[in-house]
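Read the numbers this way: they start at 1 and go in the same order the structure lists the ligands and their atoms. Computed over heavy atoms, backbone and side chain alike; hydrogens, waters and symmetry mates excluded. Everything quoted here is computed from the prediction, not taken from an experiment. In this chain, numbering begins with 1 at the start of the sequence shown.
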Amino acid sequence: MKKFIIPFIAIVITSCGNSTKPTESQDKTFDVFKEAFVEELWKNNPEWASYNGYYKYDSVLSVPDDNYRKAQLSFSSVWLDLLKKFDVKLLSSSNKTDYLMIENQLKSNEFYINEFKSYEWNPSNYNLGETFAKMINEQYAPLDERLKNLYKRLQKVDAYYAAAKTNIKQPTIVHTTLAISQNRGAAEVFGAAVIDSIDKSGLTAQEKVDLKTAVEEAKEAVLGYSDWLEKDILPTLNEQTARSFRLGKELFTKKFDYEITSSYSADQIYNKALEHKKNLHSEMAKLTKQLWPKYFKDKIMPTDSLLAIKEMIGVLSLKHVHRDSFQFAIEKQIPELTAFVKDKDLLYLDPSKPLVVRVEPAYMQGVAGASISSPGPYEKNANTYYNVGPLTGYSPEAAESYLREYNHYMLQILNIHEAIPGHYAQLVYSNQSPSIIKSILGNGAMVEGWAVYTERMMLEEGYGNNEPEMWLIYYKWNLRATCNTILDYSIHTANMSEEDAMKLMVNEGFQQEKEAANKWKRANLTQVQLCSYFTGYREIYDFREEVKMQQGDNFKLKAFHEKFLSYGSAPVKYIRELMLEDLKEGSQLAN
Ligand code: ZN
Ligand code: ZN
């Protein structure tokens, strides 16, 4: 077993005095501590390191056996002990959040190994596709260097899958099925492209032969694992013998606390989502009634308000751009959103960090849509891209359905969410308060919550001229995040059936059957993540209202936003605590 204690750290920590005010020396010591922590974190998680753009351990592959888990637990206990030597009260705001995030990470590491134990029941945990694809396809280092590291990493592939087979006990059917297809896909990573790269490289003839053999053996190991799951494991699984994909209340609640790190419990957030759905329906019914005569003239409105809303949404969705101008429409909107944020004084946007809209690169394509690619923690000055999935491969029917979903109104909300002032703007701020901890351990609920929060905030500030059409489509979009939470919680803690889940999404969430069916699958395979959008949104919105109440006439939206974002991608719960403290200490929300 490895030893993790670094004498240097221990010396520095014990030598700092006990003062009562935040001291520069405590912060300096903590900065040293963080650096050492991150280095050890990477040493213990080489694949995670490579994923984040830290390539020092590129030749190492972890074998997920008992020793590995013991080492992981020892890592957590050693660093938790070291952490205790700091007095969190004496640290700066930024270091306080880093402290709490490190602590949460170490404790959740223990939870995942000791209690969650997905290494026993989720065969799709074992997948080397991404790790190896990056080494083969991304030119972050010279080809020869990447191939030499690839060769070393490949030596452990057999041991990796042997450990996987030993670990698996009573898996779920859905995760076993997923693992079979994913590993089949991962085997393709060891196809013609890598052989081509080996031929083109500067390796010696012998090295080339050895590497090609190792690649072939790795491919067999990946396929062997897939075959083993398909022939030896899957046939033995049925409702009695397999583990249920439903997590159960205890594990769900704990996972929610570790992953979301919210001031609300899973129960509370579920109840808030139910209440929010009711409010959204009532607002949507009002708007539908108001809009009905404009769009339907003589046709009588259905008395069932959910049916009426559905028809209204259907008509509004017909207003959309042509498939050929989808990307252009997005590009054109970015400066318009920027101008609105400026005019209304909502948030300072750094003009030196422009967002680049591009066609989604081929290796990311598959599901059309839009996403933000941000530079990793080790390449801060790289561009941020807004990837737009092209509709080129779509049949006329599929394109029409997609364009109706991302209609004239929805496309604007999507751009607010992904770009300005949503994800992209938040990223620029989080890069300004550079903390490697927040980059690596960034809180998903805060990041998604911010993007969801800005949609509503923009509309409240008059974006879209308060058109009822815009609000109605916005509510439909917001309903999706709300239903995601209800779904996730109900499936994992309350046995919600597929039929009830579909009814919720289609009848009450106004989703297409196909979209809803995909969501059901996703909610079977994942837990808690689907709660992050609504939870983060609820927390940020409620917190803003709290500060507004406190400050009365002195409240300024821009100042609130900038202060909030200045803490980086930390859990909203921590930001709230720190910000309330900072505000109490008299530092007004200055403009
Ligand atoms: Zn159309
Ligand atoms: Zn998002």
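For the pair Arg358 and Asn387, the minimum side-chain heavy-atom distance is below 4.5 Å.
Counting non-hydrogen atoms of neighbouring residues, nucleotides and ligands closer than 6.0 angstrom, the CD atom of Glu188 reaches no more than 12 such neighbours.
Remark: Arg576 engages Glu546 in a salt bridge, criterion side-chain N to carboxylate O under 4.0 Å. A salt bridge links Arg404 to Glu400: at least one charged side-chain nitrogen sits closer than 4.0 Å to a carboxylate oxygen.
For Glu448 atom OE1 and His423 atom NE2, the angle they make at the Zn ion (ligand 2) is roughly 100°, to 10 degrees.
In this structure, Ile260 CD1 and Gln529 CD are separated by 8.0 Å, a value rounded to the nearest 0.5 Å.
Here the side chain of His417 pairs no donor or acceptor atom with the backbone of His423 at under 3.5 angstrom.
Around the Zn ion (ligand 1), the protein N, O or S atoms closer than 2.8 Å are His320 NE2, Glu400 OE1, Glu400 OE2, listed by chain and residue number.
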